[in-house]
Amino acid sequence: IANNGTQVTAAFVDQGTTAHVLNKIQIGVSAANTTLAGMTMATTGTYVASDIVNFKVRYSADNVLDAGDATLATETSVASGLGETVTFSPFTSQLITAGTTGYVFITADFSATAVVNNTISVNAILITNLVFTSTPATTKTTTATVGGIQTIRPSAPIVPTGFTKG
């Protein structure tokens with residue numbers, strides 16, 4: 001398990017944003033097919049439960065998150081801020097074939113009324129955060145890092161595209 005390219009960097013996220021990537025990892029499988037069957041994550045920050053609509057685990061066969069990529073789990077039970085552990089359940093198992101790499105993205109949908117200047121980040125995803133099933137058992141190592149701090153900002157105002165003289 002490693003970072004999916006460069007880990008998510010610190011950034012601003014607008015209120016009401018959907019599918020905002022908080023963390024991304026790659027899972028390289030070498031010896032035998034394996035199945036990702038579950039996941040937990042730990043968060044940090046000053047966010048409150050009402051800032052987040054849900055967290056999702058998304059899977060891709062490449063290192064780009066696209067609309068067509070599978071959603072393995074959605075967690076709508078969100079607590080508040082520092083030290084929250086999120087257990088994704090139910091979880092749709094994902095086969096990763098030997099000799100390939102799978103990419104996992106953790107995203108969040110933010111409330112349109114999320115508190116401006118609240119923050120969130122996802123701690124490094126460790127082996128202990130992932131549940132794999134495979135035969136034979138596989139050796140697992142990790143080099144993933146923490147995702148950058150995301151700071152909520154006001155959504156952009158709606159700008160009229162034209163005016164009518166009345």
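As a basis for the values below, the full set of heavy atoms in this structure was taken, side chains included, without hydrogen atoms, waters or symmetry mates.
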If I compare all heavy atoms of [X] with all of [Y], which pair ends up nearest, and what's the gap?
{"X": "L22", "Y": "A108", "result": "CD1-CB, 3.6 Å"}
{"X": "N23", "Y": "I125", "result": "OD1-CG1, 3.8 Å"}
{"X": "Q7", "Y": "T145", "result": "NE2-O, 3.0 Å"}
{"X": "F88", "Y": "A73", "result": "CB-CB, 3.6 Å"}
{"X": "T101", "Y": "Q26", "result": "CG2-CB, 3.8 Å"}
{"X": "V78", "Y": "A49", "result": "O-CB, 3.2 Å"}

Among residues at least two apart in sequence or on other chains, which ones pass side chain to side chain donor-acceptor pair (under 3.5 Å) with [X]?
{"X": "T113", "result": "S111"}
{"X": "T46", "result": "T119"}
{"X": "S155", "result": "none"}

*Where at least one partner belongs to residues 32-80, residue pairs that pass ring-ring contact (aromatic ring centres under 6.0 Å, His included), sequence neighbours excluded*: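 ring-ring contact (aromatic ring centres under 6.0 Å, His included) check on residues 32-80 returns no pairs.
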_Selection residues 9-34 - residue pairs positive for ring-ring contact (aromatic ring centres under 6.0 Å, His included), sequence neighbours left out_ =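 Of all non-adjacent pairs touching residues 9-34, those that pass ring-ring contact (aromatic ring centres under 6.0 Å, His included) are H20-F110.
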*asked:* Please evaluate residues M41 and T85 with respect to the criterion side chain to side chain contact (heavy atoms under 4.5 Å, CB included), reporting the C-alpha separation (whole Å), side-chain torsions for both, the decisive distance (0.1 Å), and the verdict.
replied: CA-CA 6 Å; M41 70 173 186; T85 298; over 6 Å; no
When rounded to the nearest 0.5 angstrom, what distance separates [atom1] in [X] from [atom2] in [Y]?
{"X": "T74", "Y": "N54", "atom1": "OG1", "atom2": "CG", "value": "5.5 Å"}
{"X": "I96", "Y": "F132", "atom1": "CD1", "atom2": "CZ", "value": "6.0 Å"}
{"X": "N33", "Y": "T100", "atom1": "CG", "atom2": "OG1", "value": "8.0 Å"}

*Got a sec, which pairs hit side chain to side chain donor-acceptor pair (under 3.5 Å) with one end in residues 120-129, sequence neighbours left out?*
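Pairs touching residues 120-129 that pass the test: T40-N129.
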_side chain to side chain donor-acceptor pair (under 3.5 Å) partners of residues 88-99, not counting sequence neighbours, each pair once_ =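 Not a single pair qualifies under side chain to side chain donor-acceptor pair (under 3.5 Å).
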*Is I149 linked to I106 within one hydrophobic cluster, defined over Ile, Leu, Val, Met, Phe, Trp and Tyr using a side-chain heavy-atom separation of less than 4.5 Å?*
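Result: no, two separate clusters.
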_Same cluster or not: V53 versus I152, using hydrophobic residues (I, L, V, M, F, W, Y) connected whenever any side-chain heavy atoms lie under 4.5 Å apart?_
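Different clusters: V53 never reaches I152 through Ile, Leu, Val, Met, Phe, Trp or Tyr contacts under 4.5 Å.
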*asked:* As a test of understanding, state which of T71, D69, D66 forms a side chain to side chain donor-acceptor pair (under 3.5 Å) with R58.
replied: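 Checked T71, D69, D66 against R58; only one passes side chain to side chain donor-acceptor pair (under 3.5 Å): T71.
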Side chains of [X] and [Y] in contact at under 4.5 Å (non-hydrogen atoms):
{"X": "L72", "Y": "M39", "answer": "no"}
{"X": "I25", "Y": "L130", "answer": "yes"}
{"X": "L36", "Y": "F91", "answer": "yes"}

*What residues, two or more places apart in sequence or in another chain, satisfy side-chain contact (heavy atoms from CB on, under 4.5 Å) together with V115?*
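Partners of V115 by the side-chain contact (heavy atoms from CB on, under 4.5 Å) criterion, ordered by chain and then number, come out as V48, D51, N118.
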May I have all residue pairs that pass salt bridge (Lys or Arg N to Asp or Glu O under 4.0 Å) and include part of [range], sequence neighbours excluded?
{"range": "residues 32-50", "result": "none"}
{"range": "residues 92-102", "result": "none"}
{"range": "residues 104-124", "result": "K56-D109"}
{"range": "residues 153-163", "result": "D14-R153"}

